[in-house]
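Below is one structure, written out as structure tokens; comments come after it.
This is a predicted model, so every value here is computed, not measured. For the single chain, residues carry numbers from 1 onward in sequence order.
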Amino acid sequence: MDDALVAYNAGRVDGAAGYRDPQIAEDAEVGADYRIGLLDGRIAAFHLIMEVRRILGVEGSLFERPDDVTGS
């Protein structure tokens with residue numbers, strides 16, 4: 001049980017940082033716990049970004065149109 005919790009926490013930290021450790025993710029014993037933590041970390045990071053956008057009053061996409069790059 002302790003190994004599962006450690007793997008979950010490692011996945012959560014990695015997910016929040018936008019990193020995935022393929023070696024741990026594919027581990028037969030703790031890989032599933034790591035991947036669930038990874039997903040939870042990514043969801044937590046998404047919610048944090050959305051809250052910051054709400055506080056700053058940002059609405060809509062930051063990428064509404066492509067960059068205006070011209071050859072001239």
Which pairs with one or both residues in residues 11-25 pass side chain to side chain donor-acceptor pair (under 3.5 Å), sequence neighbours excluded?
Asp14-Tyr34
Linking directly or through intermediates, with side-chain heavy atoms under 4.5 Å: list the remaining ILVMFWY members grouped with Val13, chain and number order.
none
Val58 and Val52: same hydrophobic cluster, using ILVMFWY side-chain contacts below 4.5 Å?
yes
Output side-chain donor-acceptor pairs under 3.5 Å for residues 2-11, partner residues at least two apart or in another chain, one line each.
{"from": "Tyr8", "atom 1": "OH", "to": "Asp40", "atom 2": "OD2", "distance (Å)": "2.5"}

N/O donor-acceptor pairs under 3.5 Å from side chains in residues 41-51, not counting sequence neighbours:
{"from": "Glu51", "atom 1": "OE1", "to": "Arg54", "atom 2": "NE", "distance (Å)": "3.4"}
{"from": "Glu51", "atom 1": "OE2", "to": "Arg54", "atom 2": "NE", "distance (Å)": "3.3"}
{"from": "Glu51", "atom 1": "OE2", "to": "Arg54", "atom 2": "NH2", "distance (Å)": "2.5"}

